[in-house]
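I have placed the structure first, in the form of structure tokens, so that the comments after it can refer back to it.
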Amino acid sequence: MAVLSRADTFIVDVPTIRPHVLAMATMHGQSMVIVRLTDADGVEGLGEGTTIGGLSYGEESPESIKSAIDTYIVPVLETCDIAQVGATMAKVAKCVRGNHFAKCAVETALLDMAGKRLGVPVSELIGGGRVRDSLPVAWTLASGDTARDIAEGEAMLEARRHRIFKLKIGKRDVRDDVAHVGAICKALGDRASVRVDVNQNWTEAQAKLGMAMLADVGCDLVEQPIAGDDVAAMARLSTTQAVPLMADEALHGPRSALRIAAANAAGVFALKIAQSGGLFATAEVAAIGAAAGIGLYGGTMLEGSVGTIASAHVFATLPELAWGTELFGPLLQTEEILTEPLGYADFSLAVPTGPGLGIALDEDKVAFFRRDRSAPTLHPVNAGA
Ligand code: MUC
Ligand code: MG
């Protein structure tokens with residue numbers, strides 16, 4: 001039996017190393033909701049709820065994630081044996097609809113605590129347990145400038161940090177975007193896999209034209225070219241275009257995964273812990289994809305270190321991960337808020353082997369980046385505990 005004794009949720013705002021240009025927003029920093037839960041024995045668990053560009057990507061913002069946790073989820077946790085993560089999250093699901101990012105952050109913290117209590121990494125608590133210790137990691141070239149993107153790609157190859165590149169397109173005219181992608185494919189040649197993410201910004205007609213042209217210039221994968229809720233149009237594109245279509249914004253957990261698989265609406269799934277509603281739900285999405293012959297890719301919401309490592313623990317349980325991962329979020333930020341930096345080397349990220357998530361926050365950095373540093377928010381009931 002484990003009882004919650006303290007819940008601390010706070011937003012940290014960390015600048016990015018360069019502007020990150022996406023179809024719907026340009027990021028200059030990342031705002032992450034960090035959840036720190038402590039039980040009566042002093043065992044601590046960390047979780048993260050992070051989105052992209054405020055409310056421009058999804059239906060939850062950093063502020064709404066924090067408020068959902070503080071106001072509605074923590075009171076449920078106070079009534080549970082939080083050592084039982086599945087049962088606790090089932091009770092949370094009965095009391096709180098939607099709010100996948102907030103639930104994911106809390107489930108991550110509970111799993112971190114459970115792993116620490118049991119002395120095993122979180123990856124051993126998901127599905128059939130861990131099957132790999134490192135994950136291939138893509139980088140997103142999204143400076144908004146072709147020459148700068150090529151130079152950045154070359155530097156990543158040279159440093160042996162990344163050889164999979166995702167380009168963010170969908171903002172410009174389709175032909176201009178394809179010219180940009182073609183120039184990068186030509187420059188990097190067979191030393192790299194080049195993929196694109198349109199973040200839903202094309203119409204079906206634009207996607208038909210764009211996907212055909214992208215196949216010709218050597219692009220390997222097209223992520224969410226059109227609106228994620230237009231499953232019928234995704235199916236038309238996926239079944240007629242040569243370049244595989246990856247579902248991202250269309251995926252909101254197991255039910256949506258089943259609908260997309262049944263409709264033949266994607267050749268690849270971008271697995272995301274927050275969008276899926278947690279680590280357990282992500283494993284279910286992966287199982288549905290794998291059973292349907294859909295390729296798997298470990299996606300990111302550009303989380304910082306906590307969310308990235310939580311994702312890594314889930315992806316480490318997947319025997320089939322044909323498209324690798326894009327768990328580079330912490331590298332896009334000027335600082336990591338951990339005592340030990342994550343292990344990026346040889347085109348991969350090492351999955352920690354210690355109990356729980358296997359990471360620890362650097363308290364000085366947290367204090368520096370914390371948005372509420374002058375007025376920390378502890379859950380009212382437990383403030384001062
Ligand atoms: C997305 O839509 O996939 C992932 C990498 C990146 O640069 O943005 C994200 C979000
Ligand atoms: Mg995407």
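Whatever order the structure lists them in is the order used to number ligands and atoms, beginning at 1. In this text the structure is predicted, and so the values were computed from the model without any measurement.
- Arg6 and Thr38 share no donor-acceptor pair across their side chains, judged by distance under 3.5 Å alone.
- A donor atom on one side chain and an acceptor atom on the other are found under 3.5 Å apart for Asp248 and Gln275.
- When hydrophobic clusters are built by joining Ile, Leu, Val, Met, Phe, Trp and Tyr residues whose side-chain heavy atoms come closer than 4.5 Å, directly or via intermediates, Val92 is grouped together with Val85.
- Taking the ring pair (Phe, Tyr, Trp, His ring centres under 6.0 Å) definition, one finds that Phe328 meets it with Trp139, sequence neighbours left out.
- In this view, Ser193 and Arg195, Asp220 satisfy the side chain to side chain donor-acceptor pair (under 3.5 Å) rule, not counting sequence neighbours.
- In this structure, Gln224 contributes its side chain and Gln200 its backbone to no donor-acceptor pair below 3.5 Å.
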Steps toward side chain to side chain contact (heavy atoms under 4.5 Å, CB included) verdict (Leu338, Asp362) = CA-CA 5 Å; Leu338 301 183; Asp362 179 316; 5.7 Å; no

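- Around the Mg ion (ligand 2), the protein N, O or S atoms closer than 2.8 Å are Asp197 OD2, Glu223 OE2, Asp248 OD2, listed by chain and residue number.
- Classification of Arg371 and Glu63 as a salt-bridged pair holds, one side-chain N sitting under 4.0 Å from a carboxylate O.
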Step by step, would you call Leu111 with Ile126 a side chain to side chain contact (heavy atoms under 4.5 Å, CB included)?
-> CA-CA 9 Å; Leu111 282 166; Ile126 312 277; 4.0 Å; yes

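- Among protein residues, His20, Leu22, Ile52, Tyr57, Thr140, Lys166, Lys168, Asp197, Asn199, Glu223, Asp248, Lys272, Thr300, Leu302, Glu326, Phe328 come within 4.0 Å of ligand 1, judged on heavy atoms.
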